[in-house]
Amino acid sequence: MMNRRELFASATAVAALAALPRAASAQGAAAPTGEAARMYAMFDRSMDQSMRRSPELTTYLGIDKGALAWSKSLLSDNSATSAAEGRAQTTKDLAELRSIDRKQLTGMDAVNYDTVEFVLAVQDEGNSKFAYNNGGSGAPYVLSQLTGLYQQAPDFLDNNHTIETADDADAYLSRLECLSRSFDNETETARRDAAMGVIPPDFVLAKTVTQMEAFLATKTAETTLVASLIRRVGEKNIQGDYAGTATKLYDERVKPALQRQLDLVKSWQPKAVHDAGVKRLPKGDEYYAVSLKNYVTSNITPEEVHKLGLELVKSLGSKANALMKKGGMTKGTVGERFAALYADPKQHWPNTDEGKEALIASLNEQVKEITPLLPKYFGQLPKAPVEIRRVPKAIEAGAPGGYYNSPSLDGKRPGIYWINLRDTAEQPKFVLPTLTYHEAIPGHHLQLALNNEAGDLPLIRKIIGFSGYSEGWGLYAEELAVEMGMYKGKPIDEAGMIHDAMFRAVRLVVDSGMHYYGWSREQAVKYYVDNIGDQESGAITEIERYCVWPGQACSYMVGKITIMEQRARARKALGRKFDIRKFHDALLLSGGVPLKVLENVVGDYIARAKA
């Protein structure tokens with residue numbers, strides 16, 4: 001799934017992302033002319049503004065050096081005034097883009113136009129309809145167990161802000177100093193939203209308070225914000241009192257700002273309701289519909305989502321039943337048999353540091369096993385490596401089971417597959433291969449690393465991502481692993497793959513159930529556990545995630561089905577000319593697109609293959 005990388009994975013990420021330039025066009029390519037030239041000039045004119053509005057962007061991309069070194073010392077201005085300026089800029093950019101004659105664009109120029117137009121249009125629609133969380137859609141609450149700077153800032157500074165020199169360390173201190181202002185701006189936005197009735201459910205607040213209190217209870221020297229700097233200046237032998245300065249900034253500025261934020265969240269608890277969905281929020285039904293469009297990137301309706309989920313849970317359950325019988329498991333419902341697998345001690349790594357290290361070692365073996373098979377299925381493979389790391393303990397209570405961060409554009413930061421090991425009982429052996437194929441290879445790592453490395457892909461396309469496409473690819477990769485023979489002779493492990501497909505089908509049901517049909521949190525948890533047998537603790541984490549990211553959980557299965565349909569279309573159109581390696585290259589090297597645009601990408605591929 002996407003979390004920190006979600007900053008660049010949805011249409012609501014930041015409008016500035018839609019204004020990045022065509023700086024990464026292929027060397028030797030003909031200069032664009034006519035309407036294409038107008039379009040790329042628009043992207044170029046917005047470049048400086050985009051970077052200045054979101055200086056973290058250059059750090060995420062690994063380009064915060066040279067002429068962009070100034071950005072490394074700053075954080076985004078997240079004030080209400082800046083947010084209003086951003087919304088106005090989105091409207092202006094959309095109007096300018098739509099003034100370009102789309103009919104005169106072909107090939108990738110047309111794809112680039114359609115992709116950026118979709119982002120701007122969905123963002124502008126959300127901005128015009130919804131005032132809370134500074135507009136947009138897909139994340140109604142400024143502060144929750146998964147949203148807020150207390151979640152994002154430590155991870156960003158530790159894993160993205162590189163430290164090689166004293167200037168880098170000084171820039172880190174500057175950003176640490178900026179954090180207090182950013183926390184207070186965020187607090188004021190949340191306070192304003194609460195006045196509109198936009199307060200997270202009581203169970204979300206409880207987990208948020210727990211995480212914030214744990215953050216504040218950590219000794220200063222042991223907090224990620226301070227310890228990361230101290231550790232890394234030591235490793236690079238950078239001289240200076242960085243420990244003392246960071247400690248003073250944290251104790252005197254950052255910590256009090258976070259305490260003010262915690263006090264606000266606590267003040268909401270007596271008035272919080274238990275309703276899980278967004279229906280109760282201002283224009284709640286509309287908010288969910290726009291959120292679905294944002295994440296799924298198609299025009300699927302909440303009713304269609306719910307119906308599709310129910311049908312898939314039934315059909316996939318039949319496949320799981322057949323595989324379990326083949327593996328000797330015949331008693332009970334499919335959900336009960338999955339629950340039995342979860343309860344089987346043989347399926348668990350010890351819930352100790354040693355057991356967790358062994359679990360990660362087993363994941364590395366799975367990556368090692370599938371890697372030699374890739375050339376049979378892909379024409380181009382990424383240069384960037386992938387690393388498997390444990391989700392930091394400070395955020396594991398509310399974090400998903402696994403997620404991926406893409407490599408930096410300069411290749412210095414690898415792709416990272418994060419796995420949540422708060423309790424190994426939530427990560428049984430029979431589902432771990434599928435998680436690895438989804439998050440690492442051939443899933444998100446191939447997709448996002450190749451996206452970064454595609455030489456003829458405009459920079460805007462390297463940055464803007466789409467949950468429907470990206471998570472659809474991750475789920476498609478799970479199915480592809482079956483085709484690659486990774487489950488041969490392993491019916492229970494293959495049932496684990498079906499389990500995870502059912503998991504995504506269940507998401508369609510419970511997400512639409514809560515946000516559109518008014519299901520309670522408990523009703524959603526029960527449906528989840530009854531059908532796929534997961535531990536209730538893991539089910540609760542997932543359900544509560546869907547509460548704060550309405551619509552995102554629906555992107556996986558709809559994206560996978562769309563990719564499978566487009567593959568079948570290409571195979572039928574090309575017959576013997578169909579080459580799965582070239583099909584995969586066409587999808588991955590064209591970059592992430594809305595599912596609405598994917599059909600055009602595949603159509604271009606078919607035309608080229610026929611020629």
Side-chain angles (χ1 to χ4, degrees), residues 1-18 54 78 83 86-87 90 115 118-148 151-152 186 189-190 193 196 198 200-201 204 276-302 305 398 400 403 463-472 504 507-508 510-516 542-559 592 594-596:
M1 64 122 326
M2 295 189 154
N3 42 61
R4 249 59 66 200
R5 74 169 180 274
E6 201 67 59
L7 178 64
F8 303 119
S10 75
T12 61
V14 274
L17 295 185
S54 303
N78 61 343
R87 293 193 295 271
T90 297
T115 299
F118 179 90
V119 172
L120 289 170
V122 175
Q123 181 72 36
D124 193 57
E125 182 180 8
N127 289 343
S128 66
K129 290 182 175 179
F130 316 115
Y132 38 100
N133 204 355
N134 289 320
S137 59
Y141 310 116
V142 177
L143 300 171
S144 72
Q145 84 281 22
L146 290 174
T147 57
Q151 275 275 337
Q152 299 155 3
E186 189 177 61
T189 299
D193 288 0
M196 293 185 248
V198 182
V204 167
V278 296
K279 285 179 72 69
R280 63 185 171 83
L281 303 182
K283 300 181 180 178
D285 282 340
E286 276 190 278
Y287 191 88
Y288 184 56
V290 177
S291 295
L292 273 179
K293 186 191 301 183
N294 162 34
Y295 286 123
V296 180
T297 66
S298 73
N299 290 323
I300 194 168
T301 67
V305 163
Y403 53 92
I463 295 169
I464 299 175
F466 299 92
S467 191
Y469 173 92
S470 185
E471 295 299 358
R504 277 47 174 259
R507 282 176 164 175
L508 298 175
V510 297
D511 192 84
S512 56
M514 290 188 293
H515 294 298
Y516 188 75
E542 286 291 324
I543 294 301
E544 292 180 353
R545 169 192 157 197
Y546 312 154
C547 292
V548 301
W549 282 343
Q552 195 273 340
C554 301
S555 59
Y556 297 69
M557 184 57 77
V558 178
L595 296 181
K596 291 173 63 176

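Excluded from the calculations below are hydrogen atoms, water molecules and symmetry mates; all remaining heavy atoms, backbone and side chain alike, are included. The structure displayed is predicted, hence computed values, not measured ones.
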Atom pair [atom1] ([X]) and [atom2] ([Y]), whose distance is rounded to the nearest 0.5 Å:
X      : Y      : atom1 : atom2 : value
Glu186 : Leu143 : CD    : CG    : 5.0 Å
Lys293 : Leu595 : NZ    : CG    : 14.0 Å
Phe118 : Ile464 : CZ    : CD1   : 11.0 Å
Ser512 : Tyr546 : OG    : OH    : 12.0 Å
Tyr141 : Trp549 : OH    : CH2   : 14.5 Å
Gln123 : Ser137 : CD    : OG    : 7.0 Å

Lys596 atom NZ: more than 12 heavy-atom contacts under 6.0 Å: no
[X] side chain to [Y] backbone, donor-acceptor under 3.5 Å:
X      : Y      : answer
Asn127 : Gly136 : yes
Asp193 : Asn133 : yes
His515 : Val278 : yes
Ser555 : Gly551 : no
Lys283 : Lys129 : yes
Lys279 : Tyr516 : yes
Asn134 : Ala83  : no

Side chains of [X] and [Y]: donor-acceptor distance under 3.5 Å anywhere?
X      : Y      : value
Arg545 : Gln552 : yes
Tyr288 : Asp511 : yes
Ser470 : Ser467 : no

Check [X] against [Y] and note the closest heavy-atom contact, atom names and distance.
X      : Y      : result
Pro282 : Val198 : CD-CG2, 3.9 Å
Gly138 : Asn294 : CA-ND2, 4.0 Å
Val296 : Ile300 : CG1-CG2, 4.0 Å

Given side chains that start at C-beta, do those of [X] and [Y] come closer than 4.5 Å, heavy atoms only?
X      : Y      : answer
Met514 : Cys547 : yes
Phe130 : Val290 : yes
Gln151 : Thr147 : no
Pro201 : Arg280 : yes
Gln145 : Glu544 : yes

Let me see the working for Glu471 and Arg504 under salt bridge (charged side-chain N to carboxylate O under 4.0 Å, His left out), right down to the final yes or no. CA-CA 10 Å; Glu471 295 299 358; Arg504 277 47 174 259; over 6 Å; no
Is it true that Tyr287 and Tyr132 have ring centroids separated by less than 6.0 Å? yes
For Thr115, give me all partners under side-chain contact (heavy atoms from CB on, under 4.5 Å), at least two apart in sequence or on another chain. Val111, Arg461, Phe466, Val593, Pro594, Val597
